[in-house]
Amino acid sequence: MRASQYLISTQKEPPAEAEVISHQLMLRAGLIRKLASGLYSWLPLGLRVFRKVEAIVREEMDASGALELSMPVVQPAELWQESQRWSQFGAELLRIRDRHDRDFCLGPTHEEVITDIVRNDIRSYRQLPINLYQIQTKFRDERRPRFGIMRTREFCMKDAYSFHLDEASLQKTYDGMYQTYSNIFERCGLDYRAVIADTGSIGGSHSHEFHVLAESGEDAIVFSDSSDYAANIEKAQALTPIEDAAAPAEIMLQVATPGDKTIDQVCKTLSIEPRQMIKTLIVTAPDADGQHQLFALVVRGDHQLNEVKAQHALQLDNEIGMASEEQIYKALNCAAGSLGPVDLPITLVVDHSAANLATFTCGANRDGYHLRGVNWQRDCPTYIRADIRNVVTGDPSPDGLGNLTIKRGIEVGHIFQLGTKYSEIMKARVLDENGVERVMHMGCYGIGVSRIVAAAIEQNNDERGIVWPDSLAPFQIALIPINLHKSEHVKKTAEEIYAQLTAAGYDVLFMDENKARLGSMLADVELIGITHRLVIGERGLNDGNIEYRHRRESENRLIATADLMDHMRQQIHT
RNA sequence: CGGGGCGUAGCGCAGCCUGGUAGCGCACUACACUGGGGGUGUAGUGGUCGCAGGUUCAAAUCCUGCCGUCCCGACCA
């Protein structure tokens, strides 16, 4: 590609709105432009990178035996009502109405549509297993889009869905996808980890997430320091020993804590440690009739609530959310900062480590007062015990081997064993070899194609800009002539080399703008992150040399003009 | 959804407090010089100052409402 005929839209300064490095660099390098919150255009240069990721995903999916298809973005409400997710999915599901006043949604995922296809087109076990995938735009009306392309409302996802006669077959395909995903992220040059995950709103049983390790990651991932255990913090079990309820040791006392709203403030006033307190959190979730019910959750003062675990402990299908001040006041006649479990008139779930406290301090359910010397057995005997807190660094690993450390990750892939969650309710069945109708087992497998681009930048950048892994660079080679307009020699050689490299199948960006300055060309090429660069100047040519530099290196290497093609072959195919 | 910030040229910002000519840097156009790491000079292009209403002789500036956008929070008990 000739730069004179291409759109290179770089900027010196990052737009004020960009916070994380990948977002800044994507804007500065001219890969993307924002249209509205969570909606981005891909400029030609960015699209080239996007296509490279897409191609890797497609090649590996095809190699795994999966079949590509394409399904609509707009989906009829009926299918979602049938799977019951029309009511379960929440506000992220963007619902729209057509001119006939019929309900539709923009697809955030495609379990319903694929299940509808398969139940109509597959009638026999002989056609199973089958794995169908698409690479396509999804829409999720995120409560808060952020970090540029990382969390957008419209994004590109590879989603695959497999169908099986039994669990054994599903497990086999699942294992195959695990390997395929590893291949894909490997080829994308990413430092990633597969971790055990919660299944969230998609549902199902077993599930792994693939995370790219990065400080800016939105997820916390926990690792054992002495085994290969790795899990999303949402899923990591806290191995708290369950102790018998202790007998009361102190008298329960009400103490004034005027104005104290946080654990820290109360601790300061009463001169105690957070671990001697408990916090009482009020959550709410809609029940089957859409009524909002309140639940009280208790964790130790130095621990954090794990909403996913809490949802499971409460056996709720719908996601829970923190109750508003208003809801709390209406139901409990008390501000959130002064709540406690004693005589609380709603369902109470207590985390194991909070339940293990023999004596603790908590809110008195009266504004400005707390209770000291509280004992579960004596003062608050009725509650449900469960694991509802996040693990913390140093907790024992759930597999019994070693202790946990915590890192941050960007979720780029997720594989699920759905079992019969959708096939059952949507009646996706086949006849088995005995002519008996059986519900199919399903798996589903997602990859955030656009997110991979941002994740790759998060992991690969320096003060000059992006440093693409070879496999993702928008161009493999940048060809930079010096004084193109003045030196016939440079011009002729550059043209020849451009022709040769292009003929050899390389993606070359030829910086052929007549009066471009060396400095700005180099700055652009480095910002854009092109992996290999060649500089052709009169001086070098007179010595028979061309200068080569890898984006990760800081010194030029002189290559004899005659050896150039060999050199590039070595650089790019090894 | 709660809190806060911001909205003035493509980008980054000043001007607003104290109302009166719309400004700077980058980018862009032309010309000249320069020519191995974002060069210099001269001359230019480009703005309904987010939108609507109000106050005023006069509003980017003051007031009201709305919209957009970003960050933080939603783990606060």
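Below, chains carry the letters A, B, ... as their sequence lines are ordered, and counting in each starts from 1.
For the P atoms, the distance from rC49(B) to rG23(B) is 14 Å, rounded to whole Å. Across the P atoms, rU48(B) and rU61(B) are found 16 Å apart, a figure rounded to whole Å. Taking atom P in both rG50(B) and rG68(B), the straight-line distance is 16 Å, to the nearest Å. Across rA60(B) and rG37(B), the matching P atoms stand 47 Å from one another, rounded to whole Å. Atom P of rG7(B) sits at a distance of 25 Å from the matching atom of rG46(B), rounded to the whole Å. Here, rG25(B) and rU34(B) have their P atoms 25 Å apart, quoted to the whole Å. Taking atom P in both rC62(B) and rC1(B), the straight-line distance is 29 Å, to the nearest Å. Between the C1' atoms of rC70(B) and rA59(B), the separation comes to 27 Å (whole Å).
Look at Asp524(A) and Lys12(A) and you find no salt bridge, because none of the NZ, NE, NH1 or NH2 atoms lies under 4.0 Å from a carboxylate O. One finds no salt bridge joining Arg385(A) and Asp351(A) here, because no Lys/Arg side-chain nitrogen approaches an Asp/Glu carboxylate oxygen to under 4.0 Å.
Every residue meeting the salt bridge (Lys or Arg N to Asp or Glu O under 4.0 Å) condition with Arg48(A), not counting sequence neighbours, appears here in chain and number order: Asp507(A).
Nucleotide rU18(B) forms a pair with no other nucleotide shown, judged by Watson-Crick or G-U wobble geometry with both contacts under 3.5 Å. Using N1 to N3 plus N6-O4 or O6-N4 for Watson-Crick, or N1-O2 and O6-N3 for G-U wobble, each under 3.5 Å, rA43(B) pairs with rU29(B). The partner of rG38(B) cannot be assigned: no Watson-Crick or G-U wobble pair with both contacts below 3.5 Å exists in any strand. The base-pairing partner of rG65(B), taking Watson-Crick or G-U wobble contacts with both distances under 3.5 Å, is rC51(B). Under the Watson-Crick or G-U wobble criterion, with both distances below 3.5 Å, rA77(B) has no partner in any strand shown. When both pairing distances are held under 3.5 Å, rU56(B) makes no Watson-Crick or G-U pair with any nucleotide shown. As the counterpart of rC13(B), rG23(B) is assigned, both hydrogen-bonding distances of the Watson-Crick or G-U wobble pattern falling under 3.5 Å.
Side-chain atoms of Lys491(A) and Lys486(A), non-hydrogen and from C-beta on, never get closer than 4.5 Å to each other. The shortest distance between side-chain heavy atoms of Leu357(A) and Arg300(A) falls below 4.5 Å. Between Leu541(A) and Ile536(A), the closest side-chain pair of non-hydrogen atoms falls below 4.5 Å. Contact check for Leu404(A) versus Thr393(A): no side-chain heavy atoms found under the 4.5 Å cut-off. Leu332(A) has its side chain out of reach of Asn365(A): every pair of non-hydrogen atoms, C-beta onward, lies at least 4.5 Å apart.
Taking the side chain of Lys34(A) as heavy atoms from C-beta on, and the options rA77(B), rU69(B), rC71(B), the nearest nucleotide is rU69(B).
Annotation: cation-pi pair Arg95(A)/Trp86(A) present, NZ/CZ under 6.0 Å from the ring centroid and within 45° of its normal. Figure legend: Arg85(A) and Phe89(A) shown without cation-pi pairing, the cationic atom not lying both under 6.0 angstrom from the six-membered ring centre and within 45 degrees of its axis.
Here the P atom of nucleotide rC70(B) and the CE atom of Met150(A) are 15 Å apart, to the nearest Å. In this structure, the CD atom of Glu218(A) is 13 Å from the P atom of rA74(B), given to the nearest Å. Distance CD1 (Ile32(A)) to P (rC11(B)): 14 Å, rounded to an integer number of Å. In this structure, CD of Glu142(A) is placed 13 Å from P of rC71(B), rounded to the nearest angstrom. Whole-Å rounding puts the Tyr40(A) OH to rU69(B) P distance at 10 Å. When the P atom of rG68(B) is taken as reference, atom CG of Leu35(A) falls 14 Å away, rounded to whole Å. Rounded to a whole Å, the CD atom of Glu13(A) is 17 Å from the P atom of rC24(B). If you take CZ of Phe147(A) and P of rC71(B), they are 7 Å apart, rounded to a whole angstrom.
Among the atoms of the strands shown, only primed sugar atoms or phosphate atoms (P, OP1, OP2) are found under 4.0 Å from some heavy atom of Ser37(A). Ile263(A) comes within contact range of the sugar-phosphate backbone alone, with a heavy-atom separation under 4.0 Å but no base atom that close. Ala91(A) comes within 4.0 angstrom of no nucleic acid atom, judged by non-hydrogen atoms across all strands.
Atom CD of Glu92(A) is surrounded by more than 12 heavy atoms from other residues, nucleotides or ligands within 6.0 Å.
Taking 4.0 angstrom as the limit, Ser9(A) places none of its side-chain polar atoms (N or O) nearer than this to OP1 or OP2 of rG10(B).
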Provide a list of protein-nucleic acid N or O atom pairs under 3.5 angstrom, restricted to nucleotides 40-50 of chain B.
none

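Classified by interplanar angle (parallel below 30°, tilted 30° to 60°, perpendicular above 60°), the ring pair Tyr40(A)/His23(A) is perpendicular.
Ranked by how close their nearest RNA chain B nucleotide is to the 5' end, Ala36(A) and Ala16(A) are led by Ala16(A). Residue order along RNA chain B, read from the 5' end via each residue's closest nucleotide, puts Pro15(A) first among Pro15(A) and His370(A).
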> Taking protein heavy atoms under 4.0 Å as touching, what does nucleotides 29-39 of chain B look like 5' to 3' if B marks base contact, S marks sugar-phosphate-only contact and - marks none?
Replying inline: -----BBBBBB

